[in-house]
Amino acid sequence: MDYIAPTNLLDNKTILITGAGDGIGKALAIKCADLGAKVILLGRTLSKLAAVADHITQLNKQTAMIIELDLNDATEERYITFAQQLTEQQVTLDGLVHNASQLGKLGPFIDIDYDTWIEVMQTNVNAGFLITKHLLPLLQAGTNASTIFTTSSVGHKGRAFWGTYSVSKFATEGMMQLLADEYADTTMRFNAVNPGGTRTSMRASAYPDEDVNRLKTPEEILETYLYLLGDDSLEVTGQRFNAQ
Ligand SMILES: NC(=O)c1ccc[n+]([C@@H]2O[C@H](COP(=O)([O-])OP(=O)(O)OC[C@H]3O[C@@H](n4cnc5c(N)ncnc54)[C@H](OP(=O)(O)O)[C@@H]3O)[C@@H](O)[C@H]2O)c1
């Protein structure tokens, strides 16, 4: 997408990003802060989140909030608690980016082990459900809140050997579509972004032999996310975008 974000695009917006400690989520969190947003960094590795928060402080003196949470083993109670904590701190949300995902193991369907299936579904689908459900009141209290789900090219066309990850991304797109339909009469919007092949550790796990220099970096694929988070996309909901 050829979108040039104005430097004040996200002024006065509060945006929560999952998987904000590395890869695309990290790059997006830093860019959102650079464009004026207060960012809430959610992830499972505190040291990575703290490094992103430090980067943001050096960039614009903002203090990014950190939520340390492993989506794979969090109970519903944990989501309820952090939603309550945000509410008590009078946080409202103008943006929510479901970015954290696990790849699981690629291979023949017949070899998918149930533990991997559960783990990938827990992080990629169940966590997206629980976060959205419990943060919906904060999104409703926000201004023109934009929720972005992260999909993949295997999230709408099944591909051999992509097993659980592929099924989880189909579910992700379904969740986005039904939320967009359910809230069509509101100012909230729900869309999905497929980043396309991007130079991150997840991509390296999926394609260990490829030449990474041919891939775009996370910083180079952010325009679509920014377009959807800012007010230039107020009428856009229920759609899937390719970031490349
Ligand atoms: N890169 C690509 O080519 C590509 C292509 C299509 C779609 N995508 C999608 O883009 C999104 C970002 O991927 P990426 O390539 O940036 O991946 P990445 O570099 O592996 O980063 C994923 C982030 O999610 C976090 N995370 C993973 N499991 C988690 C859990 N259980 N609880 C909390 N946080 C968790 C990771 O935390 P740690 O750092 O602590 O591990 C990491 O910060 C994903 O949804 C992925 O499916 C990526």
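It should be emphasised that the depicted structure is a prediction, and the values quoted were computed from it without experimental measurement. Below, all heavy atoms of this structure are taken into account, side chains as well, without hydrogens, waters or symmetry copies. Atoms within each ligand, like the ligands themselves, are counted from 1 in listed order.
- Ligand-side atoms of ligand 1 in range of K48: 38 (P), 39 (O), range being under 4.0 angstrom from any heavy atom.
- Open room surrounds CG on D2; 12 or fewer heavy atoms of other groups in view lie less than 6.0 Å from it.
- The hydrophobic clustering, which links ILVMFWY residues whose side-chain heavy atoms are closer than 4.5 Å, places L41 and I67 apart.
- Panel note: side chain Q244, backbone G197; a donor-acceptor pair is recorded below 3.5 Å.
- A heavy-atom separation below 4.0 Å is not found between L42 and ligand 1.
- Using a non-hydrogen distance threshold of 4.0 Å, T151 registers as a contact of ligand 1.
- Contacts of M202 with ligand 1, taken as heavy-atom pairs under 4.0 Å, involve both backbone and side chain.
- Proximity of a side-chain donor or acceptor of T57 to a complementary backbone N or O of T63 within less than 3.5 Å is not detected.
- Linking Ile, Leu, Val, Met, Phe, Trp and Tyr residues whenever their side-chain heavy atoms come within less than 4.5 Å leaves F170 and M121 in two separate clusters.
- Against a heavy-atom cut-off of under 4.0 Å, T45 is close to the following atoms of ligand 1: 38 (P), 40 (O).
- Considering only non-hydrogen atoms, atom 44 (C) of ligand 1 lies nearest to N99 out of T200, L71, N99.
- Both V125 and I118 belong to a common hydrophobic cluster when Ile, Leu, Val, Met, Phe, Trp and Tyr are linked at side-chain heavy-atom distances under 4.5 angstrom.
- In this structure, atom 2 (C) of ligand 1 lies nearest to the protein heavy atom T198 N, 3.6 Å.
- Distance alone, capped at 3.5 Å, is enough to place a donor-acceptor pair between the S233 side chain and the L228 backbone.
- Under a 4.0 angstrom heavy-atom cut-off, G196 registers as being in contact with ligand 1.
- If you check which protein heavy atom lies closest to atom 25 (C) of ligand 1, you get G19 CA, 3.7 Å.
- Comparing G43, S101, G23 against atom 22 (C) of ligand 1, the shortest heavy-atom distance belongs to S101.
- Among residues two or more places apart in sequence or in another chain, the ring-ring contact (aromatic ring centres under 6.0 Å, His included) test is passed with Y227 by Y3.
- The shell of residues lying under 4.0 angstrom from ligand 1, judged by heavy atoms, includes K169.
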Table please: side-chain donor-acceptor pairs of residues 96-108 below 3.5 Å, with sequence neighbours left out.
residue	atom	partner	partner atom	Å
H98	NE2	T132	OG1	2.8
N99	ND2	T18	O	3.0
N99	ND2	G19	O	3.1
S101	OG	K169	NZ	2.8
Q102	OE1	T123	OG1	2.9
Q102	NE2	E119	OE2	2.7
K105	NZ	D113	OD2	3.1
K105	NZ	T116	OG1	3.3

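- Protein heavy atom closest to atom 16 (O) of ligand 1, with residue, atom name and distance, is I24 N, 2.9 Å.
- Distance alone, capped at 3.5 Å, places no donor-acceptor pair between the R159 side chain and the V154 backbone.
- Within ligand 1, counting atoms from 1 as listed, the ones closer than 4.0 Å to a heavy atom of L69 are 32 (N), 33 (C).
- For ligand 1, the atoms closer than 4.0 angstrom to any heavy atom of T150 are 9 (C), 10 (O), 11 (C), 45 (O).
- Within ligand 1, the atoms closer than 4.0 Å to a non-hydrogen atom of D70 are 30 (C), 31 (N), 32 (N), numbered from 1 in the order shown.
- Looking only at heavy atoms of the protein, atom 48 (C) of ligand 1 is closest to P195 CG, 3.9 Å.
- Near N72, with a cut-off below 4.0 Å to any heavy atom, the atoms of ligand 1 are 31 (N).
- Between T18, I67, D22, it is D22 that holds the heavy atom closest to atom 42 (C) of ligand 1.
- Using a 4.0 Å cut-off to heavy atoms of G21, the atoms of ligand 1 that qualify are 43 (O).
- Taking a cut-off of under 4.0 Å to the non-hydrogen atoms of G197, the atoms of ligand 1 that pass are 3 (O).
- Compare R44, Q244, K26, Q102 by their heavy atoms: the one nearest to atom 34 (N) of ligand 1 is in R44.
- For atom 47 (O) of ligand 1, the closest non-hydrogen atom of the protein is Y165 OH, 2.5 Å.
- Of the charged side-chain nitrogens involved, at least one lies within less than 4.0 Å of a carboxylate oxygen, so that E210 and R203 count as a salt-bridged pair.
- Side-chain N or O atoms of D94 include none that pairs as donor or acceptor with a backbone N or O of A145 at under 3.5 Å.
- Within a 6.0 Å radius of OH in Y207, other residues, nucleotides and ligands contribute more than 12 heavy atoms.
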